[in-house]
Undergrad: 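Sharing a structure below in structure tokens format, with a few things to ask.
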Amino acid sequence: MSEKVKQIEWYLDELDCANCANKVETGIAKIEGILESNVNFMTKTLRIEIEGDQEADILPKVKQKLSILEPDIHPTLKKSGESIGVDGFPIVAAQAAEATSTENGHEHHDHNAAHEHTHAHGEGDKDEIRKSFIRLIVGFGILLAAIFAPVSGTVSLALFVTAYLVAGYDIVWSALLNIKNGQLFDENFLMTIATLSAFYIQEYPEAVAVMLFYQLGELFQDIAVDKSRRSIAELMDIRPDYANVKTAAGIEKVAPETVKIGDIILIRPGEKVPLDGKVVSGTSAVDTSALTGESVPRGIKVGDNILSGFINKNGVIEVVVEKPFAESTVVKILDLVQNASGRKAPTENFITKFARYYTPVVVIAAVLLAVVPPLVIPGESFNEWLYRASIFLVISCPCALVVSIPVGFFGGIGSASRQGILVKGSNFLEGLNDVKTVVMDKTGTLTEGKFAVTQIESAGDLTEDLLLELAAYAELHSSHPIADSIKEAYGKPIAEDRIATTNDIPGHGLQVVVDGQEILVGNAKMMEKFGIIHTPAHETGTVVYIAVDKQYAGYILIADAIKADAKATITGLKARGIRTIMLTGDSRAVGEAVAKEIGIDEVHAELLPQDKVTKLEEVLASKRKGEKVIFVGDGINDTPVLARSDIGMAMGGLGSDAAIEAADIVIMDDQPSKILTAMDVAKETRKIVWQNIIFAMAVKGVFLILGAFGVATMWEAVFADVGVTVLAVLNSIRILKK
């Protein structure tokens, strides 16, 4: 994003209608100066992009436009550093709500503040539901009185009108405000016109009953949507509520966002790790499942890195904080998951556009249905066709489509997150269904990415241990991964005073004098440069040749182990008919050996980063229309290729900043098999989304026809509208259980 472009978010507290969300998104986008407008129905947020210097002019216009588009919405500007949770309320604001004082640089917070806020939020929802049910019961009671009480004429009509207003005063009022503001064709307008038409033709009981049933359906719909939001919120309940900070006065319980880099935090058994850092005291096992999907706890000790969102299982540990809360892994993951549905899938965009035209077309059809038949067909009653037209209006609301689809994709993203796969957008999740080629890096993706000494061969009188010692001394000042693996294998302190001189020969190796002996360590070209006769090693891996005083002494083999699930991953991809290609900067011999062992279709080796981009361009140019190409890399040196691919998938390295920034999908536990898992989630999500689309369209189509022919009644049409919506939302939630 350009530095001149500013991104601003609003929290829309009463946004409970997906059709309204689309209306807001479209309306805000039309404001002059708005570069982009996006409404996330699941998190009730509006995100806009504007030029940085236009904030003072545009924000009042946004607020005014919101009051016109949706008068019931009370927008709240999201504060800097505040995160809106998937359950629809600010996270940091909840945590910071109970700040009372400052001591030793830390604000004192009640760590239960967030829970209290959540509890209050939940109680508020329950109160609203209770009030709605009471209102519906009262309305229903008045309706029964109007039908069965021994009254007639004006008194009877007054009872019906009273019951109608009790049941739907808010619907009618919203419709009037929308008409005033030029906002037609929403569900409030449609229901008001339909029920008033029923009043006009003196179908009083049905007019009231339809409004009552519609409100009941809307209530169940709200409960279902709220359930899906909370299901995902519980799924992603990895945010820590407090941190135990060590101070001169003892242990203080504070909000994580107040902890500074360098502070020491204490984590007891059963507590969530609040911030990223390094263990400085204690040993334990940590549950990483919330971030990686791994079920087996991993052991940690002094010197190991630890990430926020892990759960300490047994021992007490102390951790030095290395990142502020705003940059911690848990915040980044929550932000990615919460905002992922903002990047809409093609199916969502299609349905949004479809709904925009579908509703006006059905309304026009309803008007024609009410007017034309009585004029052209002799003996037909206007009231009868007006009733049928009213059914058309009731059934025309596209809520079942525009609600269930984002819920389905959000559920899919949440399900993937639970399994350690971060998907940055619904578009990427849907795109996984069209993948026909997977291009993969080798090191760190298919292999462990960690060089280790696997073989030592002596060619003379030197023992293997002495050969390794000389190589370790020669590599002392090198930071190359191969040098590190040799020094790690040696594992003893190196006395630097034994080293007289060191000469680095680029592209060849090192020339070092140790204990008065000239040690040459390097590749085959190094041996050839100094005219040293040696026996070439034909092993899979990196061969480090060693010569002592110009005499060949032997070699050390450095290899990168293939990941345990790499072969099964390639087998699974082939079973899906997907072509596999490996791009690597390693030698051709190593690349081909790895490819042969795990079954890769095609391999290109000895590539520089720019060569990888060129090869990927060739693959992209050869694909068919509609097909997708994934590139899977480690996210550190593969950034250009990740960015160029249709879908960039990175091995997250348990919190690699480069991976999280560069990729469209991040695999948090570095297991290649999660590629298959991500595809399975995408397939299941698409299946559920299309089930909802076909089900909703079929039911609506049937009732439109039945209504036009006078078979269906208005209350049946209401069921076809709100009933289908509730069933579609509940169907979408199923993916969270898989």
Side-chain angles (χ1 to χ4, degrees), residues 9 11 43 45 76-124 230 233-281 286-287 290-291 305-312 316-339 655:
E9 286 191 55
Y11 173 57
T43 58
T45 53
T76 305
L77 196 61
K78 179 181 169 183
K79 300 172 185 176
S80 177
E82 185 177 65
S83 179
I84 300 298
V86 288
D87 48 354
F89 60 88
I91 289 173
V92 174
Q95 287 183 319
E98 299 297 320
T100 56
S101 64
T102 303
E103 182 181 336
N104 297 325
H106 297 290
E107 287 186 359
H108 290 258
H109 289 246
D110 179 355
H111 71 276
N112 290 317
H115 293 296
E116 290 170 3
H117 185 97
T118 308
H119 180 72
H121 181 81
E123 287 301 317
R230 292 187 177 280
E234 291 166 7
L235 198 69
M236 292 303 298
D237 185 22
I238 59 176
R239 176 180 51 82
D241 299 316
Y242 62 89
N244 302 314
V245 180
K246 287 188 72 174
T247 68
I251 303 297
E252 292 187 17
K253 188 174 286 186
V254 302
E257 65 268 25
T258 67
V259 180
K260 298 179 177 61
I261 294 176
D263 284 349
I264 303 294
I265 56 176
L266 181 77
I267 306 165
R268 300 183 179 93
E271 291 183 333
K272 291 176 186 173
V273 178
L275 299 107
D276 296 0
K278 184 172 288 185
V279 178
V280 294
S281 173
V286 291
D287 179 357
L291 270 64
N305 291 322
I306 192 167
L307 301 180
S308 52
F310 288 177
I311 298 175
N312 188 18
V316 177
I317 55 175
E318 293 182 358
V319 173
V320 60
V321 176
E322 295 184 334
K323 289 182 183 178
F325 184 68
E327 297 175 16
S328 65
T329 301
V330 68
V331 170
K332 287 183 178 180
I333 290 174
L334 282 171
D335 184 60
L336 284 174
V337 175
Q338 291 159 11
N339 295 320

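Please read all numbers here as calculations on a predicted model, not as lab measurements. Note: hydrogens, waters and symmetry copies are ignored here, and every other heavy atom, side chains too, is used.
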Undergrad: Under 3.5 Å, side chain of S308 to main-chain N/O of V330, donor-acceptor pair present?
TA: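 Yes, the answer is positive, given that a donor and an acceptor are paired below the 3.5 Å cut-off.
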Undergrad: When you compare the side chain of V259 with that of P274, does any pair of heavy atoms fall below 4.5 Å?
TA: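 No, every pair of side-chain atoms sits at 4.5 Å or beyond.
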Undergrad: Can you find a heavy atom in the side chain of D276 that is under 4.5 Å from one in the side chain of L307?
TA: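 Yes, close enough: below the 4.5 Å cut-off.
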Undergrad: Could you tell me which non-hydrogen atom of P324 sits nearest to which non-hydrogen atom of L275, and how far apart they are?
TA: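 It is C-CD2, 4.1 Å.
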Undergrad: Evaluate the side-chain proximity of F325 to V331: yes if any heavy-atom separation is below 4.5 Å, no if none is.
TA: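 Yes - at least one pair of side-chain heavy atoms lies under 4.5 Å apart.
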Undergrad: So which heavy atom on V280 is nearest to which on V319, and how close?
TA: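 Looking at all heavy atoms of both residues, the closest pair is CG2-N, 4.1 Å.
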Undergrad: Is there side-chain contact between I317 and S281, with at least one heavy-atom pair below 4.5 Å?
TA: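 No. Closest side-chain heavy atoms not under 4.5 Å.
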Undergrad: Which heavy atom of E271 sits nearest to which heavy atom of L266, and what is that distance?
TA: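 Looks like OE1-O, 4.0 Å.
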Undergrad: Do you know which two heavy atoms are closest between N305 and E322, and how far apart they sit?
TA: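 Distance-wise, the nearest heavy atoms are OD1-OE1, 4.0 Å.
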Undergrad: Which pair of non-hydrogen atoms, one from K246 and one from I251, has the smallest distance, and what is that distance?
TA: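 So the minimum-distance heavy-atom pair works out to CG-CD1, 3.4 Å.
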